[in-house]
Amino acid sequence: MLQARFQGSYEFKRICTEANIHFWACVLMQMVYTFIESRHAAESELSPAPANIPQFCYVAAAVCTTAKDNLVPYHSFMIEERIAIPEDAHFIKWIHNGSPNPVASIDQNHPEYDKAQFLSAAQHLQYVKTRGSAYVADFQGYGYQLTDAQIMTSPDLADQAGGKELFGNGNVPSAFDKFPHLHICNHWCHWLGLEPFPHNLEEGETL
């Protein structure tokens, strides 16, 4: 079944929003690794990492447009680096945007468990270093390549931007507000020197 395309200028706006999300996801993930490097340099007696540090990165991406004579965008595309997934493997979603914790199917016996725990700790670090303003969600991809991110931001940022929608429909204010209550610290959080949030919910409690 064919899906109708959006009109040129509206489609271009939506694609630019996706590109902006991708850009900020790259920035926030790089911030995690910069923090780790600077902490190693500053603390000569830093305890060993709990495991090999996963070297995640977002795929390369670019916006491409076609235009007619008036130079108004006609069709717009976001072109991304292809993730090569072996025939016997599957695309992985480690954390979605509705919860700060890894998906339930990735338990301690799952081969992707430690990657999911690292990404959860990365969210904690991003939240702290942006002073409770933003973190990356919807971690998905294969191996160490990530794609199709979602930036979660404080509703205060939208207010400061005059009510402008920030980072698309997946940036759900209620999910962001629950982050410090629902995030579960793990061994990577402790290694990064992150303190547990003071108002975590107990098991079974709801907001």
Side-chain angles (χ1 to χ4, degrees), residues 21-59 83 89-154 167 170-172 175-203 205:
I21 292 170
H22 188 85
F23 170 80
W24 281 105
C26 293
V27 170
L28 288 168
M29 284 305 296
Q30 185 56 50
M31 183 182 73
V32 172
Y33 292 107
T34 299
F35 175 82
I36 292 173
E37 291 173 4
S38 62
R39 192 158 181 257
H40 268 288
E43 301 181 32
S44 57
E45 297 183 1
L46 183 66
S47 61
N52 289 331
I53 300 172
Q55 298 297 315
F56 284 104
C57 67
Y58 276 91
V59 295
I83 298 178
H90 301 281
F91 191 85
I92 297 289
K93 182 175 288 251
W94 292 278
I95 301 175
H96 57 69
N97 66 325
S99 169
N101 298 308
V103 298
S105 60
I106 303 181
D107 59 21
Q108 292 186 4
N109 298 318
H110 197 288
E112 299 291 326
Y113 177 78
D114 207 61
K115 290 181 185 178
Q117 294 297 304
F118 179 84
L119 292 170
S120 178
Q123 289 183 322
H124 188 170
L125 181 64
Q126 291 161 356
Y127 185 92
V128 170
K129 290 301 179 181
T130 61
R131 299 181 180 180
S133 295
Y135 62 89
V136 183
D138 232 11
F139 283 117
Q140 56 194 312
Y142 178 75
Y144 297 98
Q145 290 182 290
L146 301 171
T147 185
D148 199 16
Q150 178 59 57
I151 304 297
M152 308 294 285
T153 59
S154 167
F167 302 114
N171 182 14
V172 183
F176 181 90
D177 289 339
K178 292 178 182 179
F179 181 84
H181 301 279
L182 298 181
H183 170 79
I184 300 174
C185 282
N186 60 56
H187 52 289
W188 286 107
C189 296
H190 301 316
W191 182 72
L192 290 169
L194 299 169
E195 296 290 335
F197 294 106
H199 302 299
N200 285 89
L201 293 177
E202 298 294 331
E203 186 176 0
E205 289 185 321

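Gln150 places a side-chain N or O within donor-acceptor distance of the main-chain N or O of Phe167, the cut-off being under 3.5 Å. Between the Gln126 side chain and the Leu28 main chain, a donor and an acceptor come within less than 3.5 Å of each other. The main-chain N or O of Ser99 is never found under 3.5 Å from a side-chain atom of His183 such that the two would form a donor-acceptor pair. A side-chain donor-acceptor contact under 3.5 Å links Asn171 to the backbone of Thr153. Side chain of Thr34 to backbone of Gln30: a donor-acceptor contact under 3.5 angstrom is found. With Asn101 contributing its side chain and Ile184 its backbone, the two residues share a donor-acceptor pair below 3.5 Å.
Of the candidates Val136, Asp138, Asn97, Val136 is the only one forming a side-chain contact (heavy atoms from CB on, under 4.5 Å) with Ile151.
A 4.5 Å side-chain heavy-atom check between Phe139 and Lys93 finds every atom pair outside the cut-off. Looking at heavy atoms from C-beta onward, Val128 lies in side-chain contact with His124 at the 4.5 angstrom threshold. Counting heavy atoms from C-beta outward, His190 and Cys185 have side chains that approach closer than 4.5 Å.
Ala175 and Tyr135 get closest at one heavy-atom pair: O-OH, 3.8 Å. The two atoms that bring Leu194 and Ala121 nearest to each other are CD1-O, 3.9 Å, heavy atoms only. Counting all heavy atoms, side chain and backbone alike, Trp191 lies closest to Ser47 at NE1-O, 2.7 Å. Taking both residues in full, the closest heavy atoms of Ser154 and Gly132 are given as CB-O, 3.8 Å, listed atom of the first, atom of the second, then distance. Nearest heavy-atom pair, Met152 versus Gly170, reported as atom, atom and distance to 0.1 Å: SD-O, 3.5 Å. Minimum heavy-atom separation, Trp188 to Ala49: CZ3-CB, 4.1 Å.
Checking His22 against Asp148 by side-chain atom types alone, no donor-acceptor pair falls below 3.5 Å. At a cut-off of 3.5 Å, with distance as the only test, a side-chain donor of Glu112 or Trp94 sits close to an acceptor on the other residue.
Taking the ring centroids of Phe176 and Tyr127, they lie under the 6.0 Å cut-off. Between Tyr144 and Phe56, the ring centre distance stays below 6.0 Å.
Shown here is Asp107, whose CG atom has more than 12 heavy atoms of other residues, nucleotides or ligands within 6.0 Å. No more than 12 heavy-atom neighbours from other residues, nucleotides or ligands sit within 6.0 angstrom of NZ on Lys129.
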Phe197 vs His181, ring pair (Phe, Tyr, Trp, His ring centres under 6.0 Å): CA-CA, chis, key distance, verdict: CA-CA 7 Å; Phe197 294 106; His181 301 279; 8.8 Å; no
Side chain to side chain contact (heavy atoms under 4.5 Å, CB included) between Gln55 and Tyr33, worked out: CA-CA 8 Å; Gln55 298 297 315; Tyr33 292 107; 3.9 Å; yes
Pair Phe179-Gln123, side chain to side chain contact (heavy atoms under 4.5 Å, CB included): steps then yes or no: CA-CA 9 Å; Phe179 181 84; Gln123 289 183 322; 3.9 Å; yes
Intermediate values then yes/no, side chain to side chain contact (heavy atoms under 4.5 Å, CB included), Phe118 and Asn186: CA-CA 8 Å; Phe118 179 84; Asn186 60 56; over 6 Å; no
Steps toward side chain to side chain contact (heavy atoms under 4.5 Å, CB included) verdict (Val103, Ile95): CA-CA 6 Å; Val103 298; Ile95 301 175; 5.9 Å; no
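Here the CG-CG distance, from Leu146 to Leu119, works out to 6.5 Å after rounding to the nearest 0.5 Å. Here the CZ atom belonging to Arg39 is positioned 6.5 Å from the CG atom belonging to Leu192, to the nearest 0.5 angstrom. The distance from the OG atom of Ser105 to the CD1 atom of Ile92 is 8.0 Å, given to the nearest 0.5 Å. Rounded to the nearest 0.5 angstrom, Lys115 NZ and Ser120 OG are separated by 16.0 Å.
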